[in-house]
Amino acid sequence: MELAGFLFQIFLYCHFGNEVMLKSLKLSNVISMMDWTDLTKNTKQGLLLIGVRASNPIIITSGSIIPMNYETFFKILRASYAAYNLLQKANDE
């Protein structure tokens, strides 16, 4: 039961990290679809800076190394299952 709680907590971080990344990628598309003709020069410059920054997605990381997304979650699942099988085999022998 503790393993399920642990995996659920990791899944939440990975899920919301993935959502932040996807939303940040959509931001530049939304800005480019706006009607820029009615905006002031300062607003256009600000949106241009936001669009340039949004071209690189925001990635939430763990320990400044591991990106928190679905791929990381599945890697954790595979590694934990492999470790469990290894311990089971060692216990059986």
Side-chain angles (χ1 to χ4, degrees):
M1 188 53 106
E2 291 177 16
L3 178 63
F6 175 69
L7 289 175
F8 181 70
Q9 288 177 4
I10 292 175
F11 173 76
L12 285 178
Y13 283 111
C14 291
H15 171 71
F16 288 111
N18 195 63
E19 289 297 314
V20 166
M21 182 183 66
L22 292 177
K23 296 290 183 184
S24 70
L25 286 172
K26 289 181 183 178
L27 184 60
S28 61
N29 291 336
V30 170
I31 290 173
S32 66
M33 293 171 60
M34 289 178 59
D35 183 20
W36 288 62
T37 57
D38 297 335
L39 302 175
T40 65
K41 183 179 178 182
N42 287 338
T43 306
K44 289 178 186 178
Q45 287 175 343
L47 285 174
L48 184 61
L49 287 173
I50 292 171
V52 168
R53 170 56 185 101
S55 63
N56 294 329
I58 297 170
I59 299 175
I60 297 176
T61 58
S62 173
S64 300
I65 299 172
I66 303 168
M68 301 305 287
N69 53 29
Y70 290 137
E71 182 181 346
T72 301
F73 180 71
F74 291 125
K75 285 180 182 179
I76 291 170
L77 279 179
R78 277 188 244 124
S80 63
Y81 185 71
Y84 173 77
N85 281 337
L86 182 66
L87 291 172
Q88 278 292 89
K89 286 181 182 178
N91 191 28
D92 290 343
E93 292 177 1

Task: Student check: side-chain heavy atoms of Leu39 and Gln45 closer than 4.5 Å - done: no
Open item on the list: Among residues at least two apart in sequence or on other chains, which ones pass side chain to side chain contact (heavy atoms under 4.5 Å, CB included) with Ile31?
Closed with: Leu27, Trp36, Leu47, Ile50
Task: Pairwise distance CG(Leu49) to CZ(Arg53) - rounded to 0.5 angstrom - done: 12.0 Å
Open item on the list: How long is the straight-line distance from CG of Leu86 back to CG of Asn91, given to the nearest 0.5 Å?
Closed with: 11.0 Å
Open item on the list: Quick check on the hydrophobic clustering: are Phe74 and Ile76 connected, directly or via other members, by side-chain heavy-atom contacts under 4.5 Å?
Closed with: yes
TODO: If you link ILVMFWY side chains whenever their heavy atoms are less than 4.5 Å apart, which other residues fall into the same cluster as Leu12? By chain and number, please.
DONE: Phe8, Phe16
TODO: Hey, could you give me the NZ/CE distance between Lys44 and Met34, rounded to the nearest 0.5 Å?
DONE: 11.0 Å
Open item on the list: Using 0.5 Å steps for rounding, measure from the OG atom of Ser32 to the CG atom of Leu48.
Closed with: 11.5 Å
- [ ] Quick one: sort the Phe11 and Phe73 rings into parallel, tilted or perpendicular, breaks at 30° and 60°.
- [x] perpendicular
TODO: Measure across Ser55 and Val52 and return the closest heavy-atom pair with its distance rounded to 0.1 Å.
DONE: OG-O, 2.6 Å
Open item on the list: Ignoring hydrogens, what is the shortest heavy-atom contact between Asp35 and Thr37? Give both atom names and the distance.
Closed with: OD1-OG1, 2.8 Å
Open item on the list: Restricting to non-hydrogen atoms, name the atom on Thr40 and the atom on Thr43 that form the minimum distance, rounded to 0.1 Å.
Closed with: OG1-OG1, 2.8 Å
Task: Thr72 versus Asn69, side-chain donor and acceptor atoms under 3.5 Å - done: yes
TODO: Treat each ILVMFWY residue as a node, draw an edge where side-chain heavy atoms are under 4.5 Å apart, and state whether Leu22 and Ile60 are in one component.
DONE: no
Open item on the list: Looking at every heavy atom in both Met68 and Ile10, which two are closest together, and how far apart are they?
Closed with: CE-O, 4.5 Å
- [ ] Looking only at non-hydrogen atoms, find the nearest pair between Pro57 and Ser24 and report the distance.
- [x] CA-OG, 3.4 Å
TODO: Taking all heavy atoms of Ser28 and all of Gly51, pick out the closest pair and write down the distance.
DONE: CB-O, 4.0 Å
